[in-house]
S.K.: 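The structure is given below, and queries will be raised subsequently.
Order of appearance sets the numbers: ligands from 1, and atoms from 1 within every ligand. Numbering of residues begins at 1 and proceeds along the displayed sequence.
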Amino acid sequence: MFQPDIETVPIPQLRKLQSERLKNQLGLLYDKVPFYRRKMDEAGIRPQDFRGIEDIHKLPFTKKSDLRDHYPYGLMTMPLEDISRIHASSGTTGKPTVVGYSRKDISIFSEVVARSLVAAGGRPGMMLQNAYGYGLFTGGLGLHYGAELLGMTVVPVSGGMTDRQLLLLQDFKPHMIACTPSYAQTLGEEVVRRGIDVSKLNLRYAILGAEPWTEAVRSDVEKNLHVTATNIYGLSEIIGPGVSQEDYEERGSGSYVWEDHFFPEIVDKDSGEPLEEGKHGVLVFTTLTKEAMPLLRYWTNDITWLNYDKSGKRTHIKMGPIIGRSDDMLIIRGVNLFHTQIEDLLQNMEGLAASYQLVVTRDKAMDEVEVLVEVDKEHYRALGEPSLSDPESTPERFLEIRNRFISRIKGEIGLTMQVTLQAPGKIPRSEGGKLSRIKDLRVKK
Ligand code: ADP
């Protein structure tokens, strides 16, 4: 571990620390940010009387719209000349939101990324190929500073430029790569397609995040790149990547939330009421140590669960994989649907690959989803690379595979969906960043 004392701190001690830190954040926000002073006054909260973390649910939520309403600098606690760095969200769902960091914020950012890198398998002296985008997006610089703090050698290649990524993987021999899971898929496929001997690479670990992904993609990446792949989660509003991280020996059981800096809650998406451990809901974070732009109960829109894992190496709570953002949820004939649910069903589906896209259309008042999914390359070759565009020419074997997938979707999700098989390579790939798995053709009224 990078900081074993705090990563294994007993829970009562952690709560005490969280309470002290939260009270400090409230004082800072009350004094310096008019928006929060007003919110606290309205809620009848006086920082000096606040008991502690157990009363966190009394605090008001902060939404993305609050950041937009105070664009660009309205929620900062300090004058701009004291801000060390500005980042912005990648704007996946609209106008970017701007965040500022003090020197201390940058050092905490580096610290949580260093913890995350160790949990992902990284060690001082190892080399990291950092294929997260550098720039306003927090991924590139965030991983960079954390890896340097840990004592890794960083190759700051940034995202995209697949030819160059592959060259560096072969010649520089990094031990670890950081990128989005969809881009790791692209790289894995290219390694196979170009006949690169993966056993000659030195790559052992992949630290992947910035978009939702499931076990189906994990298997694909681990198989093609011969790595152990773990999840890193974060968002610029809270700090960037390194808010939570999966341990490479505890894969599949959730990601440790670095609770001494970011306090997580799960709340009901409609009522905002706190939900118990294990229940799916909206993830909400309160920063505990931020200086430049602390946020109270920030509504991430990301849907997951929280759970303490008594058998884990660390004491901090774990969060599940993100199944999606609540604003990306499709409602199809009354059933709530995230694209990760379809991806999940691709795990262990013989004959199909983990490359897919959902196409959403509207027929009168009804929304329909068509699942485009690629067939597995080996099956495709073995069957003589047939045309798949016409059921007449599609081999029986593929029709069976398709029907099996349709029934699996119907059985698990309760919806009948059209499944259209595609030849390998037909579905858009990540070219370096986040990949949209949904193509929405509905006319927006
Ligand atoms: P944007 O909202 O513009 O994409 P960010 O670049 O700050 O802004 O991305 C943060 C968001 O990315 C998170 O709120 C979440 O939706 C998604 N995200 C980040 N890491 C992960 C991850 N490991 N798994 C799923 N989603 C993730």
Side-chain angles (χ1 to χ4, degrees), residues 62-65 67-68 71 85-101 109 112-113 116-117 119-120 132-143 159 178-185 206-218 221 229-247 251-252 254-258 262 264 266 269 280-285 287 293 295 298-306 318-329 338-341 343-344 430 432-438:
T62 308
K63 298 267 173 93
K64 201 171 189 101
S65 56
L67 271 72
R68 292 208 177 111
Y71 177 88
R85 199 195 290 169
I86 302 278
H87 276 292
S89 79
S90 44
T92 311
T93 55
K95 195 171 171 180
T97 39
V98 177
V99 289
Y101 300 73
F109 191 7
V112 293
V113 170
S116 301
L117 285 162
Y132 264 134
Y134 281 67
L136 280 177
F137 171 58
T138 47
L141 285 175
L143 265 288
C179 60
T180 60
S182 57
Y183 193 53
Q185 275 191 291
I207 182 165
L208 309 177
E211 63 186 0
W213 60 304
T214 71
E215 296 301 325
V217 168
R218 178 161 17 221
V221 170
T230 53
N231 184 44
I232 182 164
Y233 166 89
L235 62 166
S236 50
E237 296 90 323
I238 298 305
I239 205 145
V243 171
S244 79
Q245 169 67 42
E246 199 175 24
D247 186 279
R251 301 203 309 299
S255 303
Y256 288 108
V257 179
W258 305 125
F262 321 110
I266 291 287
K269 75 172 182 15
H280 274 103
V282 177
L283 184 60
V284 166
F285 280 108
T287 62
M293 205 179 125
L295 293 179
Y298 184 68
W299 188 279
T300 65
N301 258 331
D302 294 326
I303 307 288
T304 187
W305 45 257
L306 290 168
K318 284 180 172 177
M319 59 178 253
I322 302 294
I323 61 171
R325 303 192 199 214
S326 54
D327 44 10
D328 282 345
M329 187 180 76
F338 288 102
H339 71 82
T340 50
Q341 291 173 276
E343 184 178 304
D344 229 3
S430 163
K434 306 187 189 214
L435 176 67
S436 174
R437 307 266 190 188
I438 300 178

S.K.: Carefully, step by step, assess Gln245 and Thr230 under the rule side chain to side chain donor-acceptor pair (under 3.5 Å).
M.R.: CA-CA 8 Å; Gln245 169 67 42; Thr230 53; 3.0 Å; yes
S.K.: Any donor-acceptor pair under 3.5 Å linking the side-chain atoms of Trp213 with those of Thr180?
M.R.: no
S.K.: Quick check: does any side chain N or O of Glu246 sit under 3.5 Å from a backbone N or O of Gly252, one acting as donor and the other as acceptor?
M.R.: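 Flag set: sc Glu246 to bb Gly252 pair under 3.5 Å.
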S.K.: Find all atoms of ligand 1 within a distance of less than 4.0 Å from any non-hydrogen atom belonging to Gly209, and give their numbers and elements.
M.R.: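 Near Gly209, meaning under 4.0 Å from one of its heavy atoms, ligand 1 has 23 (N).
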S.K.: Can you check whether Ile323's main-chain N or O pairs, donor with acceptor, with Thr340's side chain at less than 3.5 Å?
M.R.: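 Here the side-chain-to-backbone pair exists.
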S.K.: Please work out, at 4.0 Å between heavy atoms, whether the side chain, the backbone, both, or neither of Ile322 comes within that distance of ligand 1.
M.R.: side chain
S.K.: Can you tell which part of Lys434 has a heavy atom less than 4.0 Å from ligand 1: side chain, backbone, both or neither?
M.R.: side chain
S.K.: Give the atom numbers and elements of ligand 1 that come within less than 4.0 Å of a heavy atom of Asp302.
M.R.: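 Going through ligand 1 atom by atom, the ones under 4.0 Å from Asp302 are 13 (C), 14 (O), 15 (C), 16 (O).
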S.K.: For ligand 1, is there an atom lying under 4.0 Å from some heavy atom of Met319?
M.R.: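 No; Met319 lies far enough from ligand 1 that no heavy-atom distance drops under 4.0 Å.
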S.K.: Determine whether the side chain, the backbone, both or neither of Ile232 has a heavy atom under 4.0 Å from any heavy atom of ligand 1.
M.R.: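 Backbone only.
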S.K.: Under a 4.5 Å cut-off applied to non-hydrogen side-chain atoms, are Ser89 and Leu235 in contact?
M.R.: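 No - every pair of side-chain heavy atoms lies 4.5 Å or more apart.
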S.K.: Enumerate the atoms of ligand 1 whose separation from the nearest heavy atom of Lys64 is less than 4.0 angstrom.
M.R.: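 In order of numbering, the contacting atoms are 2 (O).
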S.K.: Quick one: which ligand 1 atoms are inside 4.0 Å of a heavy atom on Ser89?
M.R.: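 By the 4.0 Å cutoff, the relevant atoms are 3 (O), 8 (O).
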S.K.: Give the numbers and elements of all ligand 1 atoms closer than 4.0 Å to a heavy atom of Leu235.
M.R.: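 Ligand 1 atoms under the 4.0 Å threshold to Leu235: 7 (O), 10 (C), 14 (O).
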S.K.: Check whether Thr304 reaches the backbone of Pro321 with its side chain - one donor and one acceptor, N or O, closer than 3.5 Å.
M.R.: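 Looks like yes, one N/O pair under 3.5 Å.
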S.K.: Distance under 4.0 Å to a non-hydrogen atom of Ser236: what atoms of ligand 1 satisfy this?
M.R.: 7 (O)
S.K.: Counting from 1, what ligand 1 atoms have a heavy atom of Phe137 closer than 4.0 Å?
M.R.: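 In order of numbering, the contacting atoms are 6 (O).
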S.K.: Flag Arg325 as yes when one of its N or O atoms lies below 3.5 Å from any N or O atom of ligand 1, and as no otherwise.
M.R.: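 Yes.
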S.K.: Kindly give the heavy-atom pair with the smallest separation between Ser116 and Ile232, and that separation in Å.
M.R.: CB-CD1, 4.0 Å
S.K.: Determine, for Arg218 against Glu343, whether the closest basic-nitrogen to carboxylate-oxygen distance falls under 4.0 angstrom.
M.R.: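 No, no charged N to carboxylate O under 4.0 Å.
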S.K.: Backbone or side chain, does any N or O of Thr138 fall under 3.5 Å from an N or O of ligand 1?
M.R.: no
S.K.: Quick check: Trp213 and ligand 1, any N/O pair under 3.5 Å apart?
M.R.: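 Trp213 vs ligand 1: no N/O contact under 3.5 Å.
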S.K.: From atom 19 (C) of ligand 1, work out which of Ala88, Ala210, Gly133 has a heavy atom at the shortest distance.
M.R.: Ala210
S.K.: Are any of the side-chain nitrogens in Arg437 or Glu211 under 4.0 Å away from the carboxylate oxygens of its partner?
M.R.: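 Judged by the 4.0 Å cut-off on N to carboxylate O distance, Arg437 and Glu211 do not form a salt bridge.
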S.K.: For this output row, return yes or no: ring centroids of His87 and Phe137 closer than 6.0 angstrom.
M.R.: no
